[in-house]
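Just so it is clear, the values below take in all heavy atoms, side chains as well, and ignore hydrogens, waters and symmetry mates.
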Amino acid sequence: MAEYEFDVAPSFAEQDRDRVLPIVRRLEELGVAVYYDDDQVVARWGTDLVEHIAETLTHKVRYVLMFASRNYVDRGLVRHQRRTAQARALVQQNEFLLPIRIDDTEVPGLLPSIGYLDLRKHDNEVIAQSVVQKLAQHRAEFTPTTPITAKSVAALAREKPKGWEYLLYATVVAQGLAELQPKYREHFLRYSPRNGTVEHGNGIGLIRDRNVLLSEIIKVAVESVFTPETQEAAFGRVGEAGDADRIVHLGELFVRTFDEILEWARGIHGTSYADDHARAAARVQARFADRQLQAMHVVAQDLRAVADTLVERLTAGEQISMTVPLVFEVEPALELEFKAALDKLSR
């Protein structure tokens, strides 16, 4: 982990100094090392300020607090600060820019997908505490791309940045589903390698067995894995810390359930059918998995997106849900298509 002389440096327009200074002083009270220009008069004295700013923002601070406003976008020297910070952000994998809005001015080069705080909504204490929590997450060296190992999980649980339980769960799920992406894409291509199973008859018995199997996969998930009691045991009651090992296990069960459903459908697509009607009915049946897979995939994407801005959102008071939707429903049109395919087998 890179070491920095300063934890944060505010980047702001001179006209906004009165809005920034109370946050700087509160951060200092909380033990945060802040690079603040008025406190660096001696260090800046006689230097080329353009080079000094570039050196500071590139090599000496962990985060830049970007106070975005009309003044911030329009002023010359602060424009150089912004471009220097954005240049570093382009090459750094972990988050570096922490934007804080003063007004609705768009900052050139700042992606709209980047999470931000807003001085019109969040008071100075919320912003200061968000920075403290972000630094705790950094000390744990844990991001949504951190490999899940005993060491990385222990470091996260030790530092306990706000929402660490959610971050851990989101990381386990996101990384697990990332490994299953090829199979997920193949499912919607309706492809699977031949598995050596050959159905010579009309396949009615095999189709019934598969219906029972898929129903059981969903039932076990709903009744045993993703219950309120199971989630509370992992994430803890309100106001209590979670259990890291249980959280990792719960995330792995999410991934395993997703994979079970994929494998169920792959078994259908990988089977060879002597009867064309049996093949057609089976391939319609495989689409029963579509809605559940899509729902779980969306959950994983949402978890990953939230994890990137988790500290800011939780510190600002946002409620983050970790409920896992298991919505095994077959669309009426697909049911009719399946019934029609079965009718052809019965003739």
Side-chain angles (χ1 to χ4, degrees), residues 142 144 146-148 150 152-153 156-157 160 162-181 183-185 187-188 209-268 285-310 313-314 318-331 334-335:
F142 198 98
T146 300
I148 299 297
S152 66
V153 171
L156 181 66
K160 290 184 171 58
K162 184 167 290 200
W164 68 269
E165 298 96 338
Y166 186 103
L167 176 61
L168 178 57
Y169 182 71
T171 302
V172 173
V173 170
Q175 292 182 12
L177 262 62
E179 294 180 2
L180 296 175
Q181 277 302 296
K183 288 166 67 171
Y184 180 73
R185 287 192 292 267
H187 171 79
F188 288 96
D209 289 347
R210 286 169 175 157
N211 272 345
V212 172
L213 179 58
L214 181 59
S215 176
E216 191 65 16
I217 292 172
I218 301 298
K219 187 180 296 184
V220 168
V222 171
E223 295 178 356
S224 303
V225 179
F226 302 114
T227 66
E229 293 78 15
T230 303
Q231 295 200 20
E232 184 177 276
F235 295 107
R237 296 188 180 92
V238 177
E240 295 181 359
D243 183 307
D245 290 338
R246 288 177 182 268
I247 292 169
V248 171
H249 189 211
L250 193 61
E252 290 172 344
L253 288 177
F254 181 105
V255 175
R256 197 176 304 164
T257 300
F258 188 86
D259 193 30
E260 267 198 282
I261 297 171
L262 277 174
E263 286 296 327
W264 174 85
R266 283 172 75 84
I268 296 174
Q285 184 185 34
R287 288 157 53 197
F288 285 4
D290 288 6
R291 290 190 69 180
Q292 184 57 55
L293 288 172
Q294 288 169 331
M296 294 180 75
H297 194 260
V298 168
V299 168
Q301 290 179 318
D302 289 346
L303 285 170
R304 178 64 175 81
V306 170
D308 285 333
T309 58
L310 181 64
R313 296 171 70 168
L314 286 174
E318 183 174 339
Q319 296 297 313
I320 305 294
S321 172
M322 284 176 274
T323 303
V324 178
L326 290 161
V327 291
F328 181 55
E329 299 172 356
V330 178
E331 295 177 357
L334 183 58
E335 279 194 289

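Residues satisfying the salt bridge (Lys or Arg N to Asp or Glu O under 4.0 Å) test with Asp290, not counting sequence neighbours, are Arg190.
Screening Asp243, Thr230, Leu250 against Phe235 for a side-chain contact (heavy atoms from CB on, under 4.5 Å) leaves a single residue, Leu250.
Atom-to-atom distance recorded for Phe258:CZ and Gln292:CD is 9.5 Å, nearest 0.5 angstrom. With rounding to the nearest 0.5 Å, the separation of OG1 in Thr257 from CD1 in Ile217 is 8.5 Å. Note that the CD1 atom of Ile261 and the CZ atom of Phe288 stand 14.0 Å from one another [nearest 0.5 Å]. In this structure, the separation between CD on Glu216 and CD on Glu223 is 8.0 Å, given to the nearest 0.5 Å. In this structure, the separation between CZ on Arg291 and CD on Gln294 is 8.5 Å, given to the nearest 0.5 Å. A distance of 13.0 Å separates CG in Leu180 from NE2 in His187, rounded to the nearest 0.5 Å.
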As a quick check of understanding, evaluate side-chain contact (heavy atoms from CB on, under 4.5 Å) for Arg210 and Leu214, giving each step before the final call.
CA-CA 6 Å; Arg210 286 169 175 157; Leu214 181 59; over 6 Å; no
Could you go through the ring pair (Phe, Tyr, Trp, His ring centres under 6.0 Å) check for Phe188 and Tyr184 one step at a time?
CA-CA 7 Å; Phe188 288 96; Tyr184 180 73; 5.1 Å; yes
Leu168 vs Val153, side-chain contact (heavy atoms from CB on, under 4.5 Å): CA-CA, chis, key distance, verdict:
CA-CA 8 Å; Leu168 178 57; Val153 171; 3.9 Å; yes
Step by step, would you call Leu177 with Phe254 a side-chain contact (heavy atoms from CB on, under 4.5 Å)?
CA-CA 9 Å; Leu177 262 62; Phe254 181 105; 4.0 Å; yes
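Taking both residues in full, the closest heavy atoms of Ala289 and Ala265 are given as CB-CB, 4.4 Å, listed atom of the first, atom of the second, then distance. Between Ala300 and Val173, the closest heavy-atom pair is CB-CG1, 3.8 Å.
Arg246 CZ: 12 or fewer foreign heavy atoms inside a 6.0 Å radius. Around atom CD of Gln181, more than 12 heavy atoms belonging to other residues, nucleotides or ligands sit under 6.0 Å away.
Residues Val255 and Glu179 form no side-chain contact, since every pair of their non-hydrogen atoms from C-beta on lies 4.5 Å or further apart. Between Lys183 and Asp259 there is a side-chain heavy-atom pair separated by less than 4.5 Å.
Under a 3.5 Å cut-off, the side chain of Thr171 and the backbone N or O of Leu167 do form a donor-acceptor pair.
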